[in-house]
Structure formats: structure tokens, C-alpha cells
**Q** 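Structure provided below as C-alpha cells; questions to follow.
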Amino acid sequence: MSKQKCVLAYSGGMDSTISVVWIREQYDMDVVTLTLDLGGGPELEGVEDRAYRAGASQSLVWDVKDEFVSEYVFRGLKAGAMYEDVYPLSTALGRPLMAKKLVEAAQKVGASAVAHGCTGKGNDQVRFDAGIKTLAAHGEPLRIVAPAREWGMTRDEEKAYAARAGLPLREVGEDQRVYSIDRNLWGQAIEGEDLEDIWATPPEDAYSWTVPVHRTPSEPEEVEIAFECGSPVALNGESLGGVTLIDRLNAIAGSHGVGRVDHLENRLVGIKSREVYETPAAVVLHAALRALETAVLTREQQRIKWQLAQTYSDLVYDGRWFSQLRENLDAFTDSAMRYATGEVRVRLHKGSAVVAGRRSPYSLYDFGLATYSTQDAFQHDSATGFIDIYSLPARTQSRTQTMREAR
Ligand code: ARG
């Protein structure tokens, strides 16, 4: 009888390479590695080789960048998903897609288990497990293996384990910091090392996508972003696919030091953790879309949308992507974004991204109504009647209650 198979989400890093060996040993299963390209680097070159050398029976490498952008990133952007006001949910938006692909791959190769490299302390295990369980709720039960959550090895024990298994380790200098980094094209999350002291300024070597402001250009640069129904479609007048647009904007905004976030974050599992993010394109696009919304939405639409954005962010953060509520909120977002078409200019300078102009064929801004110049078209005398009725309840209450008490 042939062995059972396990599909492992494989980045090519040390932990996931050790996991190949570990799953074969502990579970006596064949390991099929699945490497997913969500953009943002690192280079996936040689990843298949590493998987086979660690003992994988099969190695799959799938480019899912387009799907990531159209089905996850732009949905999050349109919904205004910014966790605790600062984190554009780059990692959190990637996990449900990875869970979905793990389930798909398991079906494809006939595996009875899937595995991911999350520890027992983070949000990512929740996103993976909840996503996998929800998607595999009908059909054969799919076992979930999480080596790093199960093996209880310290960093040094992991190294010893890798050495025993004959796995090549990347040489790390004595004084070199090794951060825990998760990245995709929407941003990178940097944790660990000196960042665990929340009083300490993040060391410069934590950053790799953004230039420190003392080395950014002294002149500001403006970028123009075009949106169609809330999705970015062009950069500086050039129509671009989502992946290219985000890549280019990451480079431009990053060169001005835009997109650094230092956040003490509330994890779903109850821990507070220091998270440093680099997310230049996301910062610019969120600011730009919000500015466009101020032009095309009424005040009530804006308020409701911005309130729901928080619900949406928590939902994504908490691993509830595959829920009807998320779909309901997307339906609201799509409806609210029907006229979010137009352009926004954003000025990048010394770490900041500031909206400098917005326009839309559906803009609700009426120059004639707003102007204080001679072209003023507003009916000034209609204001007094409006205020009379508007203040009626307050005046009545004042007369019959508050003033009577004072007497
Ligand atoms: N704190 C972020 C989140 O929960 C990022 C997690 C990054 N994960 C990692 N393995 N470094 O979405």
C-alpha cells in the first residue's frame, strides 16, 4: 500500500525545510510541497531543489499573484481594511488564499493531510486552520499538521535537527539579526530580535523596502492614481494590471520612505506584539481611495462605509475570510464603490503621502455651491427657513423643559 500524502505550504526557509523531514518521520507520510508566489519576493529560485533534497516526493510551485490581487488585496482596499488604523492586512489577506490553495492541491494529488509552518502563538495558525476546515467542511476530512506548533523545538534544537538530517543551513554571522519576516506584494511584516523591546527604535536593518527619510530625495514627487469602481487601474496615466501597479508603486513610494509602520498590535490570541511593517503601495492607495470617496459618496454613505471598514478589518484579521458576512460586506462595498471612478494625486515626500488633488466625473462637489466668489449659486435665504425647522425640537425643549426648570 502506498503511503498517505501531506501537502505542506513550503516557503523554502529553514523551518519549512525541516518540516519536510519532520512530517515524514513523525507521520510516516509522503510530503508534497506547495510553494505559492504572492509577490514581493523573495526569489523562489531553487525552491524545488531544496524541497527534493529535504525528501519531498513532489514539489508544486504556483504563481497566484493575479488572484491574490483581484480577489483579496483589492477587496480589502475597496473595503478600507486597515487593522487598528495602520496595518493594511498584507499577511492576513494572503492566508485565506494559501488555505484555499492547500485544499485544492490536496484534492489534486489525493492527499489526506495538509501542513503549514505556523506556531501556536500567532494569528496565522487561526487563519490557516479556520480556512482549511471551512473549505474542506464537506467531503473527506482533511487532517491539519502544524510542525512548528507541535514539535516544541527551540531555535538551537531546530538547527541541531537540521544538521542531523543533513540539511544545509544558511550561515548567519554572530552579530547579524535574524528577523521573522512574512512578505507578499501588499507588504512585509517584520518581527522578533530587537523589535521585541517596544521602547527601542527599530534598527535600520529591519527595513528593506523603504529608504530612511534622511536619505530620501529632497524634492517631493507626485503620483497620479486612477480608480475604476474603487479598484486602481492606472498609475501616472498608464493603464496597468494590479500586480504591476502595486510593484511599481511600492518602489516609488518606498524610495520616499513612505510605508513604514511601527505598531503594537492586538493579536487575536490575546497577545500584544510589536509589528513593523513596510507597505508603501498600500499606504498610498488607501489614502487615495479614501480621498476619492470623499468626492463621490454622501456623508451618510461615507460614515457607514468607514464604520463597516473596521468590522471588515477585524474579520480579515481574525481569520473569518470564508464567511457569509464577509461576502455580505463585499456586496455593500461593491455597491458603494459604483461611482468611485476618477483620479487622485498623491504627493510623496520624506516619509509622508499626502493627497494633493482628486477628480471624478461623478464628483458631488459643486463649485457653484461651495464657492465664496462672485460665481456663488447657493440660495442663501433658504438657509434661515432650514435652520428654523432644524432647531425646532431643541427650541421646543428649551422652552417647555429646561427654561421652566430654571424659573
Ligand atoms: N501581525 C501580522 C498579522 O497577524 C503579521 C504576521 C506575520 N507573520 C509572520 N510569520 N511573521 O497579520
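Counting convention: from 1, in listed order, for ligands and their atoms alike.
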**Q** Are Trp306 and Glu293 linked by a side-chain donor-acceptor pair shorter than 3.5 Å?
**A** yes

**Q** Specify side chain, backbone, both or neither for Arg267, according to which of its non-hydrogen atoms lie closer than 4.0 Å to ligand 1.
**A**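 For Arg267, there is no contact with ligand 1 at all, from either part.
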
**Q** If I compare all heavy atoms of Phe74 with all of Ile246, which pair ends up nearest, and what's the gap?
**A** CE2-CD1, 3.8 Å

**Q** Is there a heavy atom of Tyr83 sitting under 4.0 angstrom from any atom of ligand 1?
**A**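 No heavy atom of Tyr83 comes that close to ligand 1.
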
**Q** Between Arg95 and ligand 1, does any nitrogen or oxygen pair lie at a separation below 3.5 Å?
**A**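 In fact, backbone or side chain, Arg95 has no N or O that close.
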
**Q** Quick one: which ligand 1 atoms are inside 4.0 Å of a heavy atom on Glu265?
**A**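 Those atoms are 1 (N), 2 (C), 3 (C), 4 (O).
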
**Q** If I compare all heavy atoms of Tyr27 with all of Glu150, which pair ends up nearest, and what's the gap?
**A** OH-OE1, 2.5 Å

**Q** Just to check, does Arg127 reach to within less than 4.0 Å of ligand 1 when the distance is taken from its heavy atoms?
**A**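 It does, in that a heavy atom of Arg127 comes within the 4.0 Å cut-off of ligand 1.
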
**Q** If you count the atoms of ligand 1 from 1 in the order shown, which ones are under 4.0 Å from a heavy atom of Asp182?
**A** 7 (C), 8 (N), 9 (C), 11 (N)

**Q** What protein heavy atom sits nearest atom 7 (C) of ligand 1, and how far off is it?
**A**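 Residue, atom and distance for the closest contact: Glu191 OE2, 3.6 Å.
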
**Q** Quick test of your reading of the model: are Glu343 and Arg359 salt-bridged, counting only N-O distances below 4.0 Å?
**A** yes

**Q** Once you measure the plane-to-plane angle for Tyr317 and Tyr87, does it fall in the parallel (<30°), tilted (30-60°) or perpendicular (>60°) bin?
**A** perpendicular

**Q** Numbering the atoms of ligand 1 from 1, which are under 4.0 Å from a heavy atom of Glu275?
**A**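 Those qualifying, in numeric order: 1 (N), 2 (C), 5 (C).
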
**Q** Can you check whether Tyr72 and Trp321 have ring centres sitting under 6.0 Å from each other?
**A** yes

**Q** Under 4.0 Å from any heavy atom of Asn123, which atoms of ligand 1 are there?
**A**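 In order of number, 3 (C), 4 (O).
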
**Q** For ligand 1, note which part of Tyr277 has a heavy atom under 4.0 Å away: side chain, backbone, both or neither.
**A** side chain

**Q** Which of the atoms in ligand 1, numbered in the order shown and given with their element, are less than 4.0 Å from a heavy-atom of Tyr87?
**A**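 So the atoms of ligand 1 that pass are 2 (C), 3 (C), 5 (C), 12 (O).
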
**Q** If we count only N and O atoms by modelled type, under 3.5 Å, do the side chains of Asp330 and Tyr312 hold a donor and an acceptor together?
**A** yes

**Q** Should you measure from each heavy atom of Ala189, which atoms of ligand 1 turn up under 4.0 Å away?
**A** 5 (C), 7 (C)

**Q** Does Tyr207, at its OH atom, have more than 12 non-hydrogen atoms belonging to other residues, nucleotides or ligands within less than 6.0 Å?
**A** yes

**Q** In terms of residue, atom name and distance, what is the protein heavy atom nearest to atom 10 (N) of ligand 1?
**A** Asp124 OD2, 3.8 Å

**Q** Heavy-atom contacts with Ser180 under 4.0 Å: which atoms of ligand 1 show up? List them by number with element.
**A** 11 (N)

**Q** Going by the rule side chain to side chain contact (heavy atoms under 4.5 Å, CB included), which residues pair with Ala105 if we only count those two or more places apart in sequence or in a different chain?
**A**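 Ala105 satisfies side chain to side chain contact (heavy atoms under 4.5 Å, CB included) with Val7, Leu34, Leu60, Trp62 once adjacent residues are dropped.
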
